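Below is one structure, written out as structure tokens, with a few remarks after it.
These numbers were taken from a predicted model, which means no experiment stands behind them. A, B, ... follow the sequence lines: proteins, then strands. Residue 1 opens every chain.
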Protein chains: 2
Amino acid sequence: MSPTTETLTAERILEATEEVLRRHGPAKATVVDVARALGVSHGSVYRHFRTKAALREAVTKRWLDRTSQALAGIAADEGRDPEARLRDWLRALFEAKRRKAGHDPELFATYSVLVDESGTVVEEHLAELTAQLTGIVEAGVAAGSLASADPAATAGALFHATGRFHDPCYAGEWKRPEIEGELEAVLDLMLRGLRAPVR
Amino acid sequence: MSPTTETLTAERILEATEEVLRRHGPAKATVVDVARALGVSHGSVYRHFRTKAALREAVTKRWLDRTSQALAGIAADEGRDPEARLRDWLRALFEAKRRKAGHDPELFATYSVLVDESGTVVEEHLAELTAQLTGIVEAGVAAGSLASADPAATAGALFHATGRFHDPCYAGEWKRPEIEGELEAVLDLMLRGLRAPVR
DNA sequence: CGGATGACAGATATTGAAATTTGTCATTCG
DNA sequence: CGAATGACAAATTTCAATATCTGTCATCCG
């Protein structure tokens, strides 16, 4: 069977949708465009995704999951000092978001739309990220190098305090050259507070 | 002379413009509306403000300056513990912004528009706020209760880290009840790091 | 029979002509 | 004379007609 005759799967639709979104952006991409790219009728797309919103969410989920997985590598690296891991993880989060905003502006715009609509996908993404952060803080507490009475709450505070460096509403700021130094200043301030008192 | 015959001053125009903005919002308020509210021709308004944008900025400046002045009171209260002042100042900043967003939504929207356009007025407002913060940090360093090698940089980090609690792009979050606890968590984390090591 | 189709109704977006607004300036008024 | 006016051109917004899109479903096809 040739690729064009391949059966229509959710996966193939997601691939095509991502491409269409990348090309046209969230405002102009239509379900009809996606169907045309696949050489099927738009009705067939609706067999796999109940609404256009669901399709958009599914694409964004895949896209966000790629980031989560990359960061999970840093978070789970049990061998390394938790404090260094925390710094690197937050730096990597910033770099990942910044790269996406610059390199994939249309998909990033799609993501930003979902953030404003506060859908489940974004919520889950943020929950996954804070869970990873919580894991690092817990490791630090276990190793005795970080101090926190409530690692989950601490992780939340870390995440909120670094919003300027990962929240899409600040994407415009990420082009300024001073931004890296600003992240370092915030990291220094927070990690100083997290470090366990020397006994 | 009766009030309606009073001479046309920049101050009277600003007053009328604020009222028109409050009523119609930034999207629908026109210079003609302002002129009508004052009983003059719109040409007269242009004698005092070169463009509509300048008028909008001037109104927003007045409005922002009211916040700055209120906070300056806390910042300058030399008698009190700098750490407590820092906490109170950041809490007051949050409360002030939240109150404006809730109580004066149209003027707040005008302000948000200016933030996105990154005009001089907003820049100056942010500079004034960080200057106040810097002053508190310096007082703490002088008193020996706070540790900072570079109070201005520390103030910048504090301001960025609390963005979630004063930046208009988060205004939607300020209605959630958990928000207060989130601010406290961030404050705790940062102030722990700022406190001078016990010797 | 299960998956794909395309005609269809209602919702949404696009378009371009008309109306309004911005900003200027020659003129008027006190 | 200096401040206010309102006619005006250019830019912007509004609005309604038109076109496109979303989501459904009776029908078709392998």
Side-chain angles (χ1 to χ4, degrees), chain A residues 1-60 106 109-110 112-114 116-117 119 121, chain B residues 1-60 106 109-110 112-114 116-117 119 121:
Chain A
M1 53 180 125
S2 87
T4 48
T5 317
E6 221 172 336
T7 59
L8 188 61
T9 64
E11 184 59 24
R12 277 190 69 216
I13 294 174
L14 289 175
E15 218 121 277
T17 307
E18 185 164 327
E19 187 52 31
V20 168
L21 276 172
R22 223 189 288 276
R23 232 187 265 296
H24 299 82
K28 307 210 68 183
T30 74
V31 176
V32 175
D33 289 333
V34 173
R36 195 172 14 243
L38 288 162
V40 299
S41 77
H42 75 280
S44 302
V45 173
Y46 279 96
R47 176 163 301 285
H48 295 264
F49 296 92
R50 273 213 310 298
T51 66
K52 182 187 184 178
L55 181 54
R56 232 178 21 187
E57 288 209 348
V59 169
T60 307
E106 303 295 10
T110 306
S112 301
V113 169
L114 287 196
D116 291 337
E117 288 169 359
V121 169
Chain B
M1 50 179 126
S2 87
T4 49
T5 315
E6 218 172 337
T7 59
L8 187 60
T9 63
E11 184 58 25
R12 277 190 68 218
I13 294 175
L14 289 176
E15 219 121 277
T17 306
E18 185 164 328
E19 187 52 30
V20 169
L21 276 172
R22 223 189 291 275
R23 232 187 265 295
H24 298 82
K28 306 211 67 183
T30 74
V31 176
V32 174
D33 288 334
V34 174
R36 192 168 22 240
L38 288 162
V40 299
S41 76
H42 74 281
S44 303
V45 173
Y46 279 98
R47 176 164 303 284
H48 294 264
F49 296 92
R50 272 211 309 299
T51 66
K52 184 188 183 178
L55 181 54
R56 231 178 20 187
E57 289 210 348
V59 169
T60 307
E106 302 295 11
T110 306
S112 301
V113 169
L114 286 196
D116 290 338
E117 289 171 357
V121 169

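- When rounded to the nearest whole Å, the span between CG of B/Leu8 and P of D/dG2 equals 18 Å.
- Taking OG1 of B/Thr17 as the start and CG of B/Leu38 as the end, the distance is 7.0 Å to the nearest 0.5 Å.
- Note that the CZ atom of B/Arg23 and the CD atom of B/Glu106 stand 11.5 Å from one another [nearest 0.5 Å].
- Between A/Thr30 and A/Asp33 there is a side-chain heavy-atom pair separated by less than 4.5 Å.
- At D/dA4, none of the side-chain N or O atoms of B/Ser44 fall inside 4.0 Å of OP1 or OP2 (strictly under the cut-off).
- Between A/Ala58 and A/Phe49 the shortest heavy-atom distance is CB-CE2, 3.8 Å.
- Shown here are the side chain to side chain donor-acceptor pair (under 3.5 Å) partners of B/Glu57, two or more places apart in sequence or in another chain: there are none.
- Rounded to a whole Å, the NE2 atom of B/His48 is 16 Å from the C1' atom of C/dG23.
- By the side chain to side chain donor-acceptor pair (under 3.5 Å) test, B/Arg47 is found to be paired with no residue, residues two or more places apart in sequence or in another chain being considered.
- Taking the side chain to side chain donor-acceptor pair (under 3.5 Å) definition, one finds that A/Glu15 meets it with nothing, sequence neighbours left out.
- The two residues B/Ala10 and B/His48 come nearest to each other via the heavy atoms N-ND1, 3.8 Å.
- Scanning all heavy atoms of the two residues, the minimum distance from A/Ala109 to A/Pro26 falls at CB-CG, 3.8 Å.
- The two residues A/Arg56 and A/Thr110 have their closest heavy-atom pair at CG-CG2, 3.9 Å.
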Review item, nucleotides 15-19 of chain C N/O atoms under 3.5 Å of protein N/O:
none

Canonical and wobble pairing (Watson-Crick, G-U, under 3.5 Å) of DNA chain D, dot-bracket with |:
||||||||||||||||||||||||||||||

Spell out protein contact along nucleotides 20-30 of chain D as letters: B when the base is contacted, S when just the sugar-phosphate is, - when no protein heavy atom is under 4.0 Å; keep the 5' to 3' order.
-SBBB------

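- D/dA3 atom P lies 16 Å from atom CZ of B/Arg12, rounded to whole Å.
- Per the geometry, CZ belonging to B/Phe49 stands 16 Å off C1' belonging to D/dA4, to the nearest Å.
- Here the side chains of B/Glu18 and B/Val59 are in contact, with some heavy-atom distance below 4.5 Å.
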